[in-house]
Engineer: 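Mind having a look at this structure? Questions to follow.
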Amino acid sequence: MSQAATKHFDNIEYEEGAVLTFAAGLPAFEHLTRFLIIEHAGSAPLVFLQSLDEPGVCLPALPMLAIDPAYELSLTGDDLEALGFGDSGRVPGANAMGCFAVVSIPPDGPATANLLAPVVVNLAARRAVQAVRPDGRYSHRHVLGAREAAC
């Protein structure tokens, strides 16, 4: 078992098989490529994307379906290839992927979720990408309702 220091969760133990790899990092965090999904019992369904490269970087996220059950994921060929699904343009079934919206919780405003660029995870290969939609159909500042914000 490996250990990682974190800012919010002290030291945590993890299995290497649990690590998510972002080949290109995340926008604004391109240098960070290894993350864990941390589930904290008191904050479900909210999860935390904890960087293993930089202990101070921990991004709250919600499963996309908890925010918008009708959300329509859009992946490019590059996204599919980065996830390890090839570039066929065929999006795998929902059981093969996890889809999360990064949440922003400002001190002086409502919590928002980034629906424009969800974090998509190949659950088997543990590869991930932040898939930026080219069509602008969703907002990067989707205001969370009372149900989501209560998390």
Side-chain angles (χ1 to χ4, degrees), residues 4 6-9 12 14 17-106 109-151:
T6 71
K7 181 177 179 179
H8 303 288
F9 301 103
I12 56 172
Y14 65 93
V19 175
L20 298 180
T21 301
F22 289 81
L26 293 166
F29 298 104
E30 288 84 2
H31 62 292
L32 306 178
T33 59
R34 293 170 33 92
F35 285 79
L36 290 175
I37 293 179
I38 297 176
E39 298 180 49
H40 192 267
S43 59
L46 190 70
V47 298
F48 301 90
L49 296 173
Q50 174 63 55
S51 170
L52 293 175
D53 301 314
E54 194 170 309
V57 175
C58 183
L59 306 171
L62 283 168
M64 194 60 76
L65 294 179
I67 300 168
D68 182 354
Y71 185 82
E72 292 182 18
L73 181 62
S74 176
L75 297 173
T76 65
D78 288 343
D79 294 334
L80 289 167
E81 195 168 319
L83 288 165
F85 294 124
D87 62 357
S88 68
R90 270 192 48 228
V91 177
N95 292 338
M97 295 185 302
C99 185
F100 300 90
V102 175
V103 175
S104 176
I105 308 170
T112 61
N114 183 349
L115 304 188
L116 181 65
V119 171
V120 182
V121 178
N122 174 335
L123 297 172
R126 307 303 292 175
R127 294 169 74 173
V129 66
Q130 189 165 17
V132 181
R133 291 183 67 101
D135 61 11
R137 178 176 176 184
Y138 295 99
S139 172
H140 69 287
R141 292 193 168 209
H142 173 83
V143 175
L144 295 176
R147 184 178 69 90
E148 297 97 346
C151 302

Engineer: Applying side-chain contact (heavy atoms from CB on, under 4.5 Å) to Val19 and Arg126, what does each step give before you reach the verdict?
Structural biologist: CA-CA 7 Å; Val19 175; Arg126 307 303 292 175; over 6 Å; no

Engineer: Minimum heavy-atom separation for Leu123 and Gly98, please, with both atom names.
Structural biologist: CG-N, 3.8 Å

Engineer: Report yes if the side chains of Leu75 and Phe85 come closer than 4.5 Å at any heavy-atom pair, otherwise no.
Structural biologist: no

Engineer: Mind checking the OG1-CG spacing from Thr33 to Asp53? Nearest 0.5 Å is all I need.
Structural biologist: 4.5 Å

Engineer: Contact between Leu52 and Tyr14 at the side-chain level, heavy atoms closer than 4.5 Å - yes or no?
Structural biologist: yes

Engineer: Identify the residue among Leu59, Ile38, Val57 that makes a side-chain contact (heavy atoms from CB on, under 4.5 Å) with Leu49.
Structural biologist: Leu59

Engineer: Could you pull out the closest heavy-atom pair between Ala128 and Val121, with the gap in Å?
Structural biologist: CB-CG2, 4.0 Å

Engineer: Could you measure the distance from the CZ atom of Arg34 to the CG atom of Leu20? Nearest 0.5 Å is fine.
Structural biologist: 10.5 Å

Engineer: Answer yes or no: is there a donor N or O on one side and an acceptor on the other, between the side chain of Asn122 and the main chain of Leu83, under 3.5 Å?
Structural biologist: yes

Engineer: Are Phe48 and His8 packed together at the side-chain level, in the sense that at least one heavy-atom pair is separated by less than 4.5 angstrom?
Structural biologist: no

Engineer: If I take atom CG from residue Leu116 and atom CD from residue Gln130, how far apart are they, to the nearest 0.5 angstrom?
Structural biologist: 9.0 Å

Engineer: Would Asp135 and Arg133 pass as an ion pair if we require N to O under 4.0 Å?
Structural biologist: yes

Engineer: Can you give me the closest heavy-atom contact between Arg127 and Glu81, atom names plus distance?
Structural biologist: NH2-O, 3.6 Å

Engineer: May I have the step-by-step check of side-chain contact (heavy atoms from CB on, under 4.5 Å) for Thr112 and Val103, ending in yes or no?
Structural biologist: CA-CA 6 Å; Thr112 61; Val103 175; over 6 Å; no

Engineer: Compare all side-chain heavy atoms of Pro55 with those of Lys7 and state whether any distance is below 4.5 angstrom.
Structural biologist: no

Engineer: Would you say the side-chain atoms of Thr21 pair up with the backbone N or O of Ala23, donor to acceptor, closer than 3.5 Å?
Structural biologist: no

Engineer: Please name the pair of heavy atoms, one in Cys99 and one in Pro118, separated by the smallest distance, quoted to 0.1 Å.
Structural biologist: SG-CB, 3.7 Å

Engineer: To the nearest 0.5 Å, tell me how far His140 NE2 sits from Asn114 CG.
Structural biologist: 7.0 Å

Engineer: What is the distance from atom CD1 of Ile105 to atom CG of Leu144, rounded to the nearest 0.5 Å?
Structural biologist: 8.0 Å

Engineer: Please evaluate residues Tyr138 and Glu72 with respect to the criterion side-chain contact (heavy atoms from CB on, under 4.5 Å), reporting the C-alpha separation (whole Å), side-chain torsions for both, the decisive distance (0.1 Å), and the verdict.
Structural biologist: CA-CA 10 Å; Tyr138 295 99; Glu72 292 182 18; 3.9 Å; yes

Engineer: Using every non-hydrogen atom in the two residues, find where Arg141 and Ser139 come nearest and quote the distance to one decimal.
Structural biologist: N-OG, 2.7 Å

Engineer: Please give me the minimum heavy-atom distance between Asp79 and Ser74, naming the atom from each residue.
Structural biologist: OD2-O, 4.4 Å

Engineer: Step through it carefully: locate the ring centre of Phe29, locate the ring centre of Phe22, and say whether they are under 6.0 Å apart.
Structural biologist: no

Engineer: Report, as yes or no, whether the 6.0 Å neighbourhood of atom CD on Glu39 holds more than 12 heavy atoms from other residues, nucleotides or ligands.
Structural biologist: no

Engineer: What is the distance from atom OG1 of Thr6 to atom CD of Gln50, rounded to the nearest 0.5 Å?
Structural biologist: 5.0 Å

Engineer: Give the intermediate values and the outcome of side-chain contact (heavy atoms from CB on, under 4.5 Å) for residues Leu73 and Met64.
Structural biologist: CA-CA 9 Å; Leu73 181 62; Met64 194 60 76; over 6 Å; no

